[in-house]
Every structure is written in structure tokens, then in C-alpha cells.
Amino acid sequence: WAGDRMVFSPLLKSWKERAERITELKKSVTQGAMLLEREWSIRARWEMMRTNSLPGEMSLAEDMLLSAFDRWSQASRISVTSVRPQWKRSGEDFATLECRVDASGNLGALTRFLYDLEHDPLGIKVDIVELTSRDPRGAQLALGLQVSALMFTFPLVP
């Protein structure tokens, strides 16, 4: 009984803890190897996010986003009735500029506007899209759109 309590049980407990630790370390090494394999794609994604984010100054960032909305609306020939930008500071190192956009046009024009917005190099995330008909036939549509764009507030080192 004494041998079981003083030798065998602590030894068994030690082996179980060691086996769990080895399993955790193997998992960590596997994750590290997978990260190293994906290093190029992770770095390319970071570079794309870094270069396509808004400039670090709030007024320049707002101007860039508003001029982009103007460019997209002119290219698609829709009527933008309002653009309401609002800053959200999510952390110490980044902020997001959320914009609520109200526009109207026919289905083709609104589709072109959304296509241009999605394929622009400026990094914009579409959060909400609302389409409603403005006439009984559905020829004129109203678009409610909420988008967000990222701005880093720390120096970005290449």
C-alpha cells in the first residue's frame, strides 16, 4: 500500500502529465510548420491589407473614401442622396471608418456601382446592403449600404 501511494501513483501521474505535454508540443510544432508553409500567402495578405488601407490621417482617409464614392457613382450613373461617415476606434492600433450610403437608380446601375465598389483596390468591407423598390414596377430602386474601411494608426513597416 505504501509503495503504491509513494512510488507508483506519483510516477503514473508524472507519466500522464508528460504525455499530455508531449501531445501539446507536437500540436504546437505542427501548427508552426503549417504557418511556415503558408508564410508567403500570409505575408502577401498582410501587404495587401497594409497598402489598401486608408491613410493614417482621418481627414485624408475621409476624403479618399468620399471621392471613391463619387467616382463609383459617376461611373455607374446612380444618384447618391447621402453619405454619412462615422469613425469607430476599435483598438489602439487601428480604426474603422463606417459609412452609410443611400442611393437610387435602376438595377443595372446599382449592380455596376456595387461591382465597382467591390473590385476597387481600396480595402472596403460591405457590411449591409438593402434594396427597396421606389415604384410599383421595380424600375427604380433605392440602395441602402453600410461599408467599413480600415485605417492603421501605427507606423506600417514594409
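FYI, the numbering just counts along the sequence from 1. If you're wondering where the values come from, they're calculated on a predicted model, not measured in any experiment. Any value given below was found using the heavy atoms of this structure, including those in side chains, with hydrogens, waters and symmetry copies removed.
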Working to the nearest 0.5 angstrom, can you tell me the gap between [X] [atom1] and [Y] [atom2]?
X      : Y      : atom1 : atom2 : answer
Thr23  : Arg18  : OG1   : CZ    : 12.5 Å
Ile78  : Asn106 : CD1   : CG    : 10.0 Å
Leu145 : Arg100 : CG    : CZ    : 7.5 Å
Thr96  : Gln86  : OG1   : CD    : 9.0 Å
Leu97  : Leu150 : CG    : CG    : 10.5 Å
Ile124 : Cys99  : CD1   : SG    : 8.0 Å

Side chains of residues 56-74: which donor-acceptor partners sit under 3.5 Å, not counting sequence neighbours?
residue: Glu57; atom: OE2; partner: Ser59; partner atom: OG; Å: 3.0
residue: Glu62; atom: OE2; partner: Trp87; partner atom: NE1; Å: 2.7
residue: Ser67; atom: OG; partner: Asp63; partner atom: O; Å: 3.1
residue: Ser67; atom: OG; partner: Met64; partner atom: O; Å: 3.0
residue: Asp70; atom: OD1; partner: Gln74; partner atom: NE2; Å: 3.4
residue: Asp70; atom: OD2; partner: Gln74; partner atom: NE2; Å: 3.4
residue: Arg71; atom: NH2; partner: Asp120; partner atom: OD1; Å: 2.9
residue: Trp72; atom: NE1; partner: Asp120; partner atom: OD1; Å: 3.3
residue: Ser73; atom: OG; partner: Phe69; partner atom: O; Å: 3.1
residue: Ser73; atom: OG; partner: Asp70; partner atom: O; Å: 3.0

_All salt bridge (charged side-chain N to carboxylate O under 4.0 Å, His left out) counterparts of Glu118, not counting sequence neighbours_ =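 Result, salt bridge (charged side-chain N to carboxylate O under 4.0 Å, His left out) vs Glu118: none returned.
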
Among all residues two or more places apart in sequence or in another chain, which pass the salt bridge (charged side-chain N to carboxylate O under 4.0 Å, His left out) test with Arg137?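 With neighbours one apart ignored, the set is empty.
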
| query | Do Leu122 and Leu117 come close enough that some side-chain heavy atom pair is under 4.5 Å? | reply |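 Result no, sub-4.5 Å side-chain heavy-atom pair not found.
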
Close side-chain approach of Val147 and Ile128, heavy atoms under 4.5 Å =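 Counting from C-beta outward, Val147 and Ile128 never come under 4.5 Å.
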
Open item on the list: Strictly by salt bridge (Lys or Arg N to Asp or Glu O under 4.0 Å), give each pair with a member in residues 19-33 just once, sequence neighbours left out.
Closed with: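 Salt bridge (Lys or Arg N to Asp or Glu O under 4.0 Å) check on residues 19-33 returns Arg21-Glu24.
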
>> Per the salt bridge (Lys or Arg N to Asp or Glu O under 4.0 Å) rule, what does the pair list look like for residues 72-85, sequence neighbours excluded?
In response: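 Only Arg84-Asp102 qualify under salt bridge (Lys or Arg N to Asp or Glu O under 4.0 Å).
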
- Which pairs, with at least one residue in residues 117-138 and sequence neighbours excluded, count as a ring-ring contact (aromatic ring centres under 6.0 Å, His included)?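 The answer is Tyr115-His119.
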
Partners passing side chain to side chain donor-acceptor pair (under 3.5 Å) against [X] (at least two apart in sequence or in another chain):
X      : result
Ser79  : none
Ser148 : Asp127
Arg45  : none

Q | ILVMFWY network linking Phe94 to Leu54, side-chain heavy atoms under 4.5 angstrom | A |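 No, Phe94 and Leu54 fall in different hydrophobic clusters.
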
TODO: Treat each ILVMFWY residue as a node, draw an edge where side-chain heavy atoms are under 4.5 Å apart, and state whether Val126 and Met151 are in one component.
DONE: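 Yes, same cluster.
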
Using a 3.5 Å distance criterion without hydrogens, assess whether the side chain of Ser133 forms a donor-acceptor pair with backbone atoms of Asp135.
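Such a contact is found between Ser133 side chain and Asp135 backbone.
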
Mind checking who shares a hydrophobic cluster with Trp15, ILVMFWY linked at side-chain heavy-atom distances under 4.5 Å?
->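 Result for Trp15 is Leu11.
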
Starting from Leu35 and following side-chain heavy-atom contacts under 4.5 Å between hydrophobic residues (I, L, V, M, F, W, Y), which residues can be reached?
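Same cluster as Leu35: Ile42.
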
| field | Within residues 28-43 or reaching into it, pairs that qualify as side chain to side chain donor-acceptor pair (under 3.5 Å) - sequence neighbours excluded | value |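 Passing the test, one end in residues 28-43: Glu39-Arg43.
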
_Looking at every heavy atom in both Ser104 and Leu110, which two are closest together, and how far apart are they?_
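Closest approach of Ser104 to Leu110, heavy atoms only: C-CD2, 4.2 Å.
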
Nearest non-hydrogen partners of Thr111 and Leu107, listed with the distance
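Heavy atoms only, the tightest pair is OG1-O, 2.6 Å.
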
